[in-house]
Amino acid sequence: MSCLDLIPCLYLFFKEICLDKRNGRFRVGIIKGRKELMAEIIRISESPKHENQEVTIQGWLYNKRFSGKVRFLLVRDGSAIIQCVVVKSEVSEDTFEKTDLLTQESSLKVTGVLVADKRAPIGYELHVKEIEIVQIAQDYPITPKEHGIDFLMDHRHLWIRSKRQHAILNVRHEVIRAARDFFNDRDFVLIDSPIFTPNAAEGTTTLFQTDYFGSPAYLTQSGQLYAEAACMSFGRVYCFGPTFRAEKSKTRRHLTEFWMIEPEVAFFDLQDDMQLAEEFVSHIVQTVLKKRRAELETLERDTSKLENVVPPFPKIHYNEAVEILKKNGVDFPYGDDFGGADETVLSAQFDKPVIVHHYPAEIKAFYMKRDPDEPQFALAMDMLAPEGYGEIIGGSQREDDYDTLLKRIREHNLDEEAFRWYLDLRRYGSVPHSGFGLGIERTVAWITGTKHVRETIPFPRLMQRIYP
RNA sequence: UCCGGCGUAGCUCAAUUGGCAGAGCGGGUGGCUGUUAACCACUAGGCUGUAGGUUCGAGUCCUACCGCCGGAGCCA
């Protein structure tokens, strides 16, 4: 505990609330003044450390319930929600009347004594002595009742205050922190790739075009090619940033703007790449299980399905995957890529994420190296999350031979000149190297058990939505 | 882009065969000393997405358009 925490007196502005009888609305005015607050300001999550102490919490009214002369204020401060009990006989008339004025999401400061109580969800209640109203919220739109998805998305800026959304975004934060820690602890260097790119990298997906001082530029669809360049400088690198796809996809697995973390490692082959991927995903899941139990409970996630996400993951050849589909009665044309329904059938066979490798080279990107022993297959791998959450990782060993890569670029009718720098990487000390990209939103959707990825990013960008 | 579904109060939804447009929540007023989406009583609140059409009469049937939702393709 720092000395600053112990400074007992704080100067604060306080505000006076007046009821305007003519229009029935509350008027909030600031009165210049000082108020001595004897209690220490704490976060609600720190309650156990302050049992039976007088403290002040600062936050917003989540909900309130009345029972005559006893009133219950549910106050949230971002760290947790605590029930504040206001008993008429124990507070001033002024303080008790303030509970009448408080509406949902009004901002306030509450001072009282923290008392352990078995009935309380977090184990503690605040027995109120004093209330300071910061601002009265008028007609908060998201009421404690059901709402439709369109209404909630229109109010996404407020919806993120709700319990479930709050829990999902906390898990997202933990996923990102665990992902960064994983690479940082393994001596990877963070080298971010540019957002503006001069050309369509893979030539397959539809990109967002912008005007870059009179020339066309595109928002990146992947940081991988630049990560490959950085990899030849640092040995092991990762990039982490937003990526953009202009495809008119309308499914629960797609956003137009999403976040991807992409490691790239020199002297790694496909086997090394798959091993890194399974250790990486396992680390993320186990970290969330350890640090975000409360959130997973709020989300009613069946954590038993996450507990066994530890290496090794099942790894199957494309041919084996096709066999599994056939065995399950799926009429699958050999040589195609798997659709959403196919992925669900495949992942249902295993209780962990499954890695499918050696996809037909024709359906994969130009930069993927082909297996020398069976050249019809690319040294590619995808990781499919369990429970039908789809592909969370796509990766491969990269083509490291100059002539072969040039040939592929020409086969795919890509702009040779635009890839001059990329080809340079194969002219000056080319080495085998591999990497992959993990989609943050799909990973969070899987771990939290959220059906649609739009709830796993703070402000989703979808084909039909760019507000708020 | 294609296939399917839905647009009714601030929100979530009802409305029988085409026959007076309703409820819960939220808002307002009052009551209640342990509430857990509190409860009880009263109260205000409507261009039924838009434009046409059929009909004595349309929230309901028909046509077009707009918006949204779900799925497909593409992908992480």
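Naming convention: chains lettered A, B, ... in sequence-line order (proteins, then strands); numbering from 1 in each chain.
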**Request:** Looking at every strand, decide which applies to A:Lys88 at a 4.0 Å heavy-atom threshold: base, sugar-phosphate, or nothing.
**Result:** nothing
**Prompt:** Does some side-chain heavy atom of A:Leu158 sit less than 4.5 Å from a side-chain heavy atom of A:Glu105?
**Reply:** no
**Request:** Classify the nucleic acid contact of A:Leu255 as base, sugar-phosphate or nothing, counting any heavy atom under 4.0 Å across all strands shown.
**Result:** base
**Request:** Would you kindly compare A:His254 and A:His127 by the position of their nearest RNA chain B nucleotide and give the one closer to the 5′ end?
**Result:** A:His127
**Message:** Partner lookup for B:G73, please. Criteria are Watson-Crick or G-U wobble with both distances under 3.5 angstrom; report none if nothing qualifies.
**Reply:** none
**Message:** With rounding to the closest Å, how many angstrom separate the C1' atoms on B:G46 and B:C3?
**Reply:** 35 Å
**Item:** Pairwise P distance, B:C65 and B:C42 [rounded to whole Å]
**Value:** 48 Å
**Request:** Answer yes or no as to whether B:G34 has its base stacked against A:Phe72, where stacking requires a ring-centre separation under 5.5 angstrom and planes under 30 degrees apart.
**Result:** no
**Prompt:** Between B:C25, B:A72, B:C69, which one does the side chain of A:Thr143 approach most closely?
**Reply:** B:C25
**Prompt:** Say you pick atom C1' in B:G57 and the same atom in B:U17; how far apart are they, in whole Å?
**Reply:** 14 Å
**Identity of whatever pairs with B:G7 - Watson-Crick or G-U, under 3.5 angstrom** = B:C66
**Asked** Taking atom P in both B:G49 and B:C6, what distance in whole Å separates the two?
**Response** 13 Å
**Prompt:** So which nucleotide does B:U54 pair with, by the Watson-Crick or G-U wobble rule with both distances under 3.5 Å?
**Reply:** none
**Message:** What's the gap between B:A58 and B:G18 when it is taken at their C1' atoms, as a whole Å value?
**Reply:** 7 Å
**Asked** Looking for any heavy atom pair under 4.0 Å, which part of the strands does A:Gln83 touch: base, sugar-phosphate only, or nothing?
**Response** base
**Complete:** Rounded to whole Å, CH2 of A:Trp446 lies from P of B:A76 at a distance of 17 Å
**Prompt:** Considering every strand shown, what is the Watson-Crick or G-U wobble mate of B:G46 when both distances are under 3.5 Å?
**Reply:** none
**Request:** Give a yes or no on whether the ring-centroid distance for A:Phe268 and A:Phe436 is below 6.0 angstrom.
**Result:** no
**Request:** Check the distance between B:C74's C1' and A:Glu391's CD and give it to me in whole angstrom.
**Result:** 11 Å
**Asked** With distance as the sole criterion, do the side chain of A:Arg65 and the base of B:C32 form a donor-acceptor contact below 3.5 Å?
**Response** no
**Request:** Report yes or no: is there a donor-acceptor pair, N or O only, under 3.5 Å between the side chain of A:His147 and the base of B:C11?
**Result:** no
**Request:** Considering non-hydrogen atoms only, spot the tightest contact between A:Leu270 and A:Gln397 and give its length.
**Result:** N-OE1, 3.0 Å
**Request:** Quick one: look up who B:U29 pairs with, Watson-Crick or G-U, both distances under 3.5 Å, and put none if it's unpaired.
**Result:** B:A41
**Asked** Do the ring planes of A:Phe183 and A:Phe188 sit parallel (below 30°), tilted (30 to 60°) or perpendicular (above 60°)?
**Response** tilted
**Prompt:** Looking at A:Arg454, does any N or O in its side chain come under 4.0 Å of the phosphate oxygens OP1/OP2 on B:G70?
**Reply:** yes
**Prompt:** Nearest-Å distance, CD (A:Gln104) to P (B:A37)?
**Reply:** 14 Å
**Fill in**
Nearest-nucleotide check on RNA chain B, A:Asn63 vs A:Arg442; residue mapping nearer the 5' end is A:Asn63
**Parallel, tilted or perpendicular: ring planes of A:Phe182 versus A:His283, cut at 30 and 60 degrees** = tilted
**Request:** Answer yes or no: is there a side-chain heavy-atom contact under 4.5 Å between A:Arg71 and A:Arg65?
**Result:** no
**Request:** May I ask which nucleotide in the shown strands pairs with B:U60, Watson-Crick or G-U wobble, both distances under 3.5 Å?
**Result:** none
**Fill in**
With the side chain defined as heavy atoms from C-beta on, A:Phe258 is closest, among B:C11, B:U33, B:A76, to B:A76
**Request:** Give A:Tyr140 one of three labels, base, sugar-phosphate or nothing, depending on what nucleic acid heavy atoms sit under 4.0 Å from its own.
**Result:** nothing
**Asked** Any idea which of B:A72, B:G34, B:C11 is nearest the A:Glu125 side chain?
**Response** B:G34
**Message:** For a quick check, tell me whether the side chain of A:Ser67 and the base of B:C32 share a donor-acceptor pair closer than 3.5 Å.
**Reply:** no
**Request:** Write down the distance separating the C1' atoms in B:G31 and B:A15, rounded off to the nearest Å.
**Result:** 33 Å
**Asked** What nucleotide, of B:G71, B:U1, B:A76, holds the atom closest to the side chain of A:Met260?
**Response** B:A76
**Prompt:** Which one, B:U33, B:C74, B:G34, comes nearest to the side chain of A:Lys69?
**Reply:** B:U33
**Request:** Ignoring backbone atoms, test whether A:Arg252 places a side-chain nitrogen or oxygen under 4.0 Å from the OP1 or OP2 oxygen of B:G71.
**Result:** yes
**Asked** According to the Watson-Crick and G-U wobble definitions, with both distances under 3.5 Å, which nucleotide is paired to B:G22?
**Response** B:C13
**Prompt:** Salt bridge or not for A:Glu343 and A:Arg442, using N-O below 4.0 Å?
**Reply:** no
**Request:** Please measure how far the P atom in B:G67 lies from the corresponding atom in B:G22, and state the result in whole Å.
**Result:** 32 Å
**Asked** Across all strands shown, which nucleotide pairs with B:G34 by Watson-Crick or G-U wobble geometry, both distances under 3.5 Å?
**Response** none
**Request:** Write down the distance separating the P atoms in B:G4 and B:C62, rounded off to the nearest Å.
**Result:** 15 Å
**Prompt:** A:Lys250 has an atom NZ; how far is it from atom P of B:G67, in whole Å?
**Reply:** 11 Å
**Asked** Which part of the nucleic acid, if any, lies within reach of A:His155 when heavy atoms closer than 4.0 Å are counted: base, sugar-phosphate only, or nothing?
**Response** nothing
**Asked** Below 4.5 Å, heavy atoms only, C-beta onward: do A:Tyr422 and A:Tyr367 meet side chain to side chain?
**Response** yes
